[in-house]
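Here is how names work: the chains are called A, B, and so on, in the same order as the sequence lines, proteins then strands, and each is numbered from 1.
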Amino acid sequence: MNLEDLTYCLGGTVLSIYEEAELVYHQLLHEMNHPYVQKNMPKPTIDRDKLMIYYLMFRHSETTAMARTCAISVMLAEIGLNTHETMTVSPIRDKDVVKKRQLTVLSGDFYSALYYYTLVRHSKREVVKWVAEAIQNFNVQKSRFFYGKASLNWAQKIDSIRIIESALVSKIATQLGYAHFIPILSNFFLIKRLLVEKRKQENADRTSGYLLTESGEEKATLIKKLETEIKTKGDQFVDTVNTLENPTVLLSQITEFLHRRERKIIEGC
Amino acid sequence: MTLSSIYIEQKRNLKSVEKRLEVVLQAPDPILKEASLELLKAGGKRIRPLLTLLCAQYGDPEHDQVREAAVMLELIHMASLVHDDVVDDSDLRRGKPTVKAKWDNRVAMFTGDYIFAKAIELISDFNNEEVHLSISKVIRDLSLGEIDQIKDLYNYHQNLRVYLRRIKRKTALLMALSCQLGALASGCSSSVSKKLYYFGYYMGMSYQITDDILDFVGSEKQLGKPAGGDLKNGNISLPTYFAMNVFGLKDTIISALEDDSATDLKWNQIIQAIRTSGAIQASERMSDAYLQKSRDILDQLPQIKVTQSLKEIADYIGTRNY
């Protein structure tokens, strides 16, 4: 069964998996709605690819409604962490900028609180625990990356970014019995992140990135290194996808989705 | 029975909570570990774990989940303090450098998120739906209360209800939960746990009002920061509300809040004016009214030794000066 064959009947209407994912996305927006935050803060970035992956994984072991709840809850935790990622460290005086910083903290806390609130209302305590453990790991890895005493070489940095970017999705995959998906998933989300890092360098955007030019290093050199890395990881990703032996139905669906997205994302650059 | 005798009586249990906190906060990363443990060592009154331990005496206080509930509540409180210091841009807490001052805002985010996740992990083992429903609602409301506080900054037209809802979410609900969890974790009936919830809630309201009063009348040494900080940051707390709306200081306060270059001298004059306006006494009366409600609830509970201890804590809330 490929992705197009995945359907869901809603009130007599048959929805494709993409329409279902759209529904999940809108429900997520509804859950995280807070008028004051919305009015005063930029719209949080929602990784719709991650949302789709969570949904596909949960859908395989849960009812459609429960899969939706679980996918939304885990995404809320992701959004909470991503919101805190945008925290700046420099001193500020301007009242509006101060307010934005305060809301960065508090809206992140609000989204994190919602993940627990939503799962508990559907008696999914085991998922609460998985996410809590993944959040701890995420923060440990982040702290090591930015403040670790040992300086990391390029390969170590790339590997750390891969672990951090897929901390939650890897945990959920493991807990649902799909640990063998992790190389594919983590490679895909690493490529996505490296593209973001490249864009940040090109646009001289110094907010919340992993990679900054090191002393003596030219920006152009870093961009070149990133391009090479993206190409290498992209090739590895395609190789892994093409050499999968007897993949399960779910793994086929996930790789099909990610493969399409990967081509689109790379072409988009 | 005095407050210190209650602490002495609970010393063994509180020590056990402290030890467990130390174990739980052994993060596998040196900075997260140091930041978390320094926060723990900075101390505090541990009022929330104390309430949990005391309320558990209405059931079986030896139940394993009682200590875990107390630990979880302190972790949630600690996580919110780390993030609050970023929100308030505070460099000192209890006279010691905050996580954000010692490291930076980003480490404070990592630490707060780590501790919060630890708390949730710990509580996820509780096999009681009612417990989870209560905790998750309080945690959500706690974050909503913090957002409300930012929303209401410099809002001179806020009414009393807005203030009360804010402090309910910000402080009272976690106190209420501390009492309720002690009861639920020790196997008390729903009726007892509900009463203890309301006892904690009313006491929490009084606790926050007292905090807001102390921000005006406390010394820098007692507060660990200069007096009047809330007002200078645009936070309209109860004494300011009364000073503006009952005691005729509205224009004076608004003009200072709207003046970005207001001097320390001007602020000190305003703080003094609020102190002497009658606003402090009016706030104290409201705090006392909440305390009386909490005492009334205690009258409905079994009159055992712990009820007397809770009365003592309520009395302390009403008279504390730090």
Enclosure of A:H30 NE2 (heavy-atom neighbours >12, cutoff 6.0 Å): no
Spatial distance of atom OG (B:S124) from atom CD (A:E133) [nearest 0.5 Å]: 7.0 Å
Heavy atoms of other groups near A:K129 NZ, more than 12 under 6.0 Å: yes
Contact leader toward chain A among B:L133, B:V107, B:D88, where contacts are heavy-atom pairs under 4.5 Å: B:L133
Gap between atom CZ of A:F145 and atom CG of B:D29 - 0.5 Å precision: 13.5 Å
Closest approach of A:N139 to B:Y114 (non-hydrogen atoms, all atoms of both residues): ND2-N, 4.0 Å
Rounded distance [0.5 Å steps], CZ in B:R140 versus OG1 in A:T118: 9.5 Å
Pairs of heavy atoms under 4.5 Å with chain A: top-ranked of B:A79, B:A119, B:S136: B:S136
Any donor-acceptor pair under 3.5 Å from A:R144 side chain to B:P28 backbone: yes
Heavy-atom pair of closest approach, residues A:M87 and B:N105: CG-CB, 3.6 Å
Identified side-chain contact (heavy atoms from CB on, under 4.5 Å) partner of A:V105 from the options B:V82, B:V86, B:D84, B:D85: B:V86
Proximal component of A:K149, with respect to chain B [non-hydrogen, under 4.5 Å]: neither
Structural part of B:I135 lying under 4.5 Å from a heavy atom of chain A: both
CA sep, side-chain torsions, deciding dist, call: A:R101, B:D89, salt bridge (charged side-chain N to carboxylate O under 4.0 Å, His left out): CA-CA 10 Å; A:R101 178 178 281 176; B:D89 199 17; 5.3 Å; no
B:L153 vs A:K99, side-chain contact (heavy atoms from CB on, under 4.5 Å): CA-CA, chis, key distance, verdict: CA-CA 10 Å; B:L153 286 180; A:K99 191 203 265 185; over 6 Å; no
Toward chain A, the part of B:I115 with a non-hydrogen atom under 4.5 Å: neither
B:K19, NZ atom: more than 12 neighbouring heavy atoms under 6.0 Å: no
Region of B:F126 in contact with chain A, defined by heavy-atom distances below 4.5 Å: backbone
Portion of A:Y116 that has a non-hydrogen atom of chain B nearer than 4.5 angstrom: both
Which atom of B:D260 lies closest to which atom of A:K95, heavy atoms considered: OD1-NZ, 3.1 Å
Polar contact flag, side-chain donor to acceptor under 3.5 angstrom, A:T88-B:R106: no
Modelled atom types, side-chain donor and acceptor of A:Y117 and B:D141, under 3.5 Å: no
Atom of B:D113, atom of A:D109 and distance for their closest heavy-atom approach: OD1-OD1, 4.2 Å
A:F146 portion near chain B, given a 4.5 angstrom heavy-atom threshold: side chain
Parallel, tilted or perpendicular: ring planes of A:H84 versus B:H83, cut at 30 and 60 degrees: perpendicular
Distance in Å, B:F110 CZ paired with A:I135 CD1, rounded so as to fall on 0.5 Å steps: 13.5 Å
Salt bridge (charged side-chain N to carboxylate O under 4.0 Å, His left out) between A:R125 and B:D125, worked out: CA-CA 8 Å; A:R125 272 192 296 120; B:D125 290 330; over 6 Å; no
Least distance between heavy atoms, B:I139 atom then A:A113 atom: CG2-CB, 3.7 Å
OH-CD1 distance between A:Y36 and B:I150, expressed to the nearest 0.5 angstrom: 7.0 Å
Audit row: A:R121, B:E129, side-chain contact (heavy atoms from CB on, under 4.5 Å) steps and yes/no: CA-CA 9 Å; A:R121 258 137 203 86; B:E129 289 291 310; over 6 Å; no
Part of A:Y115 lying under 4.5 Å from any heavy atom of chain B: side chain
Heavy atoms from other residues, nucleotides or ligands near CG of A:N33 exceed 12 (cutoff 6.0 Å): yes
Pairs of heavy atoms under 4.5 Å with chain A: top-ranked of B:H132, B:K118, B:E121, B:K100: B:H132
Under 4.5 Å from any heavy atom of chain B - which part of A:V37: side chain
Between A:S112, A:S123, A:S143, the one whose heavy-atom pairs under 4.5 Å with chain B are most numerous: A:S143
